[in-house]
Amino acid sequence: MTYCVGMRLGKGLLFMSDTRTNAGVDNFSSSRKMFNWTVPGERSITVMTAGNLATTQAMISLLEERSAPAEDRDPGILSQPTMFQVARLVGATLKEVIAYSNPTGQTSDDQFSASVIVGGQIKGGQPTIFLVYPEGNFIEVTDDTPFFQIGEAKYGKPILVRAYDADLSFGEALKLLLVSFDSTVKSNLSVGPPFDVRVYKNESFADDRYKRIEADDPVYQTISTGWGDALKSALDMLPPYKV
C-alpha cells in the first residue's frame with residue numbers, strides 16, 4: 001500500500017509520499033515513490049505513484065528512457081510544452097504499461113492497477129497538479145479540490161479537509177501533511193516512513209527543496225505525540241452523551 005498527497009497552495013506546490021512497500025503482513029521494504037524531472041529556469045515536474053510496484057516502476061523507467069538526451073527518444077516528459085500535455089503523456093504511458101501486463105484490458109481494481117499524481121510548472125504556464133487514473137484519463141486540481149491523494153487515502157483525508165487553507169505557509173502545510181500521514185501510519189501497517197517531501201515555489205523552476213523525513217525525526221515525533229495528546233484533550237472537553 002501507499003499514501004501520497006499533492007497539494008496546491010498560494011505560494012506553490014507541496015508533494016509528500018511514504019516509502020513502504022509490502023508483499024504480505026511480514027514482508028515490508030522501502031521503495032521510492034516520488035520522482036522529479038527539472039530543467040533549471042524552464043520546468044520542474046514531480047511524479048508520485050501508487051499501486052502495483054512492477055507497473056509503476058516500468059512506467060517511471062519508460063518516462064526516464066524517453067526523456068534521455070537522444071533525438072530519437074520522443075515523446076519525452078522534458079519535451080512537452082504544457083503540464084496538460086505532461087499529464088497526457090503520463091496517462092498514456094501508464095495505460096501502455098498496464099495493457100502490456102494485462103492484454104485483456106485494465107480496470108481500477110485489477111492486480112496491475114496503479115494511479116499517479118503529476119504536478120509542477122513549465123515556463124509560460126501556471127503551477128498545477130493532476131491525478132491520473134489507471135485507464136489513462138486524469139483530472140486537475142481546482143479551488144474546490146486543491147489537493148489529491150492516492151493509495152491509502154481515507155485515514156488522512158479528514159484533517160486535510162478540515163484544516164487546509166490556500167494561504168498556509170509551506171511549513172504549516174507540511175505540518176498538516178505530517179498529521180495526515182501519521183494518522184494513516186497508525187491506522188494501516190502498510191503505510192510508513194521514511195517520507196519523501198518536495199516543495200515547489202511558484203516560478204522557481206528548480207529542484208532544490210527536497211527532504212526525506214525518517215521515523216525518528218524529532219519534529220515528526222513531536223508532531224505525532226502532540227497531535228495524539230491534543231485529540232485526547234479535545235475529546236475530554238466535549239460533553240458526554242447521556243444514555
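- The distance between the ring centers of Tyr200 and Tyr210 does not fall below 6.0 angstrom.
- Using modelled atom types, one side-chain atom of Thr142 and one backbone atom of Asp144 make a donor-acceptor pair closer than 3.5 Å.
- Side-chain atoms of Thr19 come within 3.5 Å of backbone N or O of Pro194 as a donor-acceptor pair.
- In terms of modelled atom types and a separation under 3.5 Å, the side chain of Thr184 and the main chain of Tyr155 share no donor-acceptor contact.
- Between the side chains of Thr46 and Asn36, a donor-acceptor pair is found at a separation under 3.5 Å.
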Derivation of the side chain to side chain contact (heavy atoms under 4.5 Å, CB included) call for Thr145 and Ile139: CA-CA 10 Å; Thr145 309; Ile139 58 175; 6.0 Å; no
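- Across every non-hydrogen atom of Gly156 and Ser180, the tightest pair is O-OG, 2.7 Å.
- Looking only at atom types and distance, the side chain of Ser190 has a donor-acceptor partner in the side chain of Asn188 under 3.5 Å away.
- In plain terms, the two heavy atoms of Thr56 and Ala114 that are nearest each other are CG2-CB, 3.7 Å.
- Taking a cutoff of 4.0 Å between a charged side-chain nitrogen and a carboxylate oxygen, Lys186 and Asp182 qualify as a salt bridge.
- Look at Asp143 and Arg8 and you find a salt bridge, because one of the NZ, NE, NH1 or NH2 atoms lies within 4.0 Å of a carboxylate O, short of that distance.
- Side-chain atoms of Glu140 and Thr128 include a donor-acceptor pair closer than 3.5 Å.
- Between Phe181 and Tyr3, the two ring planes are tilted [angle within 30° to 60°].
- Between Arg43 and Glu203 there is no salt bridge, since none of the side-chain N atoms of the basic residue sits less than 4.0 Å from a carboxylate O of the acidic one.
- Under the 4.0 Å criterion applied to side-chain N and carboxylate O atoms, Asp196 and Lys33 are not assigned as salt-bridge partners.
- With hydrogens and angles ignored, the 3.5 Å screen pairs no side-chain donor or acceptor of Gln57 with any backbone N or O of Asn52.
- Contact of the Trp227 side chain with the Ser183 side chain is registered, since non-hydrogen atoms from C-beta on lie closer than 4.5 Å.
- Ile213 and Asp217 make their closest contact through CG2-CB, 3.7 Å (heavy atoms, listed as atom of the first residue, atom of the second, distance).
- More than 12 heavy-atom neighbours from other residues, nucleotides or ligands sit within 6.0 angstrom of CD on Glu96.
- Using a 4.5 Å heavy-atom cutoff, the side chains of Asp18 and Glu152 are not in contact.
- Panel note: side chain Gln85, backbone Thr82; no donor-acceptor pair is recorded below 3.5 Å.
- The shortest heavy-atom contact between Ile129 and Gly6 is CD1-C, 3.6 Å.
- Taking both residues in full, the closest heavy atoms of Ala58 and Val97 are given as CB-CG1, 3.8 Å, listed atom of the first, atom of the second, then distance.
- Side chain of Arg162 to main chain of Lys157: no donor-acceptor pair is present (N/O by atom type, distance under 3.5 Å, no hydrogens or angles).
- Taking each heavy atom of Ile98 and Phe112 in turn, the nearest pair found is CG1-O, 3.6 Å.
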Working for side chain to side chain contact (heavy atoms under 4.5 Å, CB included), residues Trp37 and Val47: CA-CA 9 Å; Trp37 289 262; Val47 170; 3.6 Å; yes
Trace of the side chain to side chain contact (heavy atoms under 4.5 Å, CB included) decision for Ser31 with Leu53: CA-CA 9 Å; Ser31 180; Leu53 188 59; 3.8 Å; yes
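- Taking the side chain as every heavy atom from C-beta outward, Lys211 and Phe195 never approach each other to under 4.5 Å.
- By the 4.5 Å heavy-atom criterion applied to side chains, Lys11 and Lys201 are not counted as neighbours.
- Here the side chain of Gln121 pairs a donor or acceptor atom with the backbone of Gly125 at under 3.5 angstrom.
- Side chains of Thr55 and Leu94 form a contact here, defined as non-hydrogen atoms less than 4.5 Å apart.
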Chi angles and distances behind the side chain to side chain contact (heavy atoms under 4.5 Å, CB included) call for Arg198, Arg209: CA-CA 6 Å; Arg198 192 175 302 279; Arg209 304 184 74 177; 6.0 Å; no
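- Looking at Thr49 and Thr2, their side chains never come closer than 4.5 Å, going by heavy atoms from C-beta outward.
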